[in-house]
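Structure first, then comments.
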Amino acid sequence: QVQLVESGGGLVQAGGPLRLSCAASGSIFRIDEMGWYRQAPGKQRELVAATTRSGSTNYAELVKGRFTISRDNAKNTVYLQMNSLKPEDTAVYYCNAILTDRLWGPLQSSWGQGTQVTVSS
């Protein structure tokens with residue numbers, strides 16, 4: 001099994017930065033994709049950013065230019081650098097990984113528990 005642990009969430013003033021981290025551990029053979037999703041009250045969960053092992057990235061339009069996703073393959077860790085935060089960025093942010101599990105094979109999906117990001121105005 002694989003578990004993802006997010007960290008870095010908290011309260012930040014509008015316009016400020018925040019960096020989220022997500023570390024995967026367990027029976028990992030290879031992590032193919034990692035990404036960040038968020039869910040605000042009353043809204044559907046949405047993709048924030050995702051990255052492949054090769055470094056390709058994909059961003060939600062609302063965060064493009066403000067957020068940067070990166071990963072450290074050696075550490076099985078993905079980061080989300082959030083700059084110029086806005087109150088509408090307030091949400092629970094979830095880390096996701098699509099991976100090959102040493103025990104269960106490929107195309108496994110794992111989710112973190114979520115970390116709260118609150119942006120004050």
Side-chain angles (χ1 to χ4, degrees):
Q1 65 178 26
V2 174
Q3 66 175 352
L4 275 56
V5 179
E6 300 108 330
S7 62
L11 176 64
V12 65
Q13 294 176 308
L18 201 64
R19 191 189 193 205
L20 306 182
S21 299
C22 173
S25 61
S27 53
I28 300 167
F29 178 77
R30 173 182 171 131
I31 297 177
D32 299 304
E33 297 183 28
M34 297 190 81
W36 291 93
Y37 297 75
R38 68 186 183 187
Q39 187 166 19
K43 299 207 68 177
Q44 295 292 111
R45 185 170 62 183
E46 64 180 5
L47 172 72
V48 177
T51 183
T52 67
R53 190 172 184 86
S54 64
S56 297
T57 57
N58 183 33
Y59 294 92
E61 194 67 29
L62 288 171
V63 308
K64 195 173 297 182
R66 298 187 296 120
F67 292 8
T68 303
I69 189 169
S70 61
R71 65 190 294 174
D72 186 332
N73 291 331
K75 296 180 179 179
N76 290 326
T77 299
V78 65
Y79 307 93
L80 185 67
Q81 179 65 51
M82 303 184 291
N83 297 324
S84 302
L85 281 163
K86 304 174 181 179
E88 50 263 46
D89 294 318
T90 295
V92 178
Y93 284 69
Y94 298 92
C95 178
N96 177 68
I98 299 173
L99 54 91
T100 297
D101 191 299
R102 290 187 182 275
L103 300 177
W104 296 104
L107 297 176
Q108 305 299 307
S109 180
S110 183
W111 290 88
Q113 79 287 347
T115 185
Q116 177 70 47
V117 172
T118 302
V119 184
S120 65
S121 60

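All heavy atoms count here, side chains included; hydrogens, waters and symmetry mates do not.
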* Would you say V2 and W104 make side-chain contact, with heavy atoms under 4.5 Å? -> no
* Any E88 side-chain heavy atom under 4.5 Å of L62 side chain -> no
* Are the side chains of Q81 and S70 in touch, meaning some heavy atoms are under 4.5 Å apart? -> no
* Rounded to the nearest 0.5 Å, what's the gap from CD1 on I98 to CD on E33? Could you check? => 4.5 Å
* Mind checking the CG-OG1 spacing from D32 to T51? Nearest 0.5 Å is all I need. => 11.5 Å
* To do: Side-chain contact test, heavy atoms from C-beta onward, threshold under 4.5 Å: evaluate it for W36 versus C22 and give yes or no.
  => yes
* Structure fact -> The reported gap from CZ in R66 to CG in L85 (rounded to nearest 0.5 angstrom) is 6.5 Å
* For L80, which of V117, T68, V48 qualifies under side chain to side chain contact (heavy atoms under 4.5 Å, CB included)? -> V48
* To do: For the residue pair R30 and L99, establish whether any side-chain heavy-atom pair is separated by less than 4.5 Å.
  => no
* Asked: Can E6 and Q113 be counted as having a side-chain donor-acceptor contact under 3.5 angstrom?
  -> yes
* Asked: Could you state the interatomic distance from CG (L18) to CG (D89), rounded to the nearest 0.5 Å?
  -> 10.0 Å
* Which atom of S121 lies closest to which atom of P87, heavy atoms considered -> CB-CG, 3.9 Å
* To do: Measure the OG1-CD1 distance between T52 and I31 for me, rounded to the nearest 0.5 Å.
  => 12.5 Å
* Asked: Are R38 and Y94 in a cation-pi contact, defined as NZ or CZ under 6.0 Å from the six-membered ring centre and within 45° of the axis?
  -> no
* **Shared hydrophobic cluster, Y79 / Y59 (ILVMFWY, side-chain heavy atoms < 4.5 Å)** => no
* Assess the side chains of S27 and D101: does a donor N or O sit below 3.5 Å from an acceptor N or O? => yes
* Asked: Just by modelled atom types, is the S7 backbone N or O under 3.5 Å from a matching donor or acceptor in the S21 side chain?
  -> no
* **Closest approach of V92 to Q116 (non-hydrogen atoms, all atoms of both residues)** => CG2-OE1, 3.2 Å
* **Side-chain heavy atoms of T115 within contact of L20, under 4.5 Å** => yes
* Asked: Can you tell me if CD on Q13 sees more than 12 non-hydrogen neighbours from other groups inside 6.0 Å?
  -> no
* With side chains defined as the heavy atoms from C-beta onward, is the minimum distance between I69 and V78 less than 4.5 Å? -> yes
* Asked: For the atom pair CG (L4) and OG (S109), what is the distance rounded to the nearest 0.5 Å?
  -> 9.0 Å
* **Flag side-chain contact, heavy atom, 4.5 Å: N96 against Y37** => yes
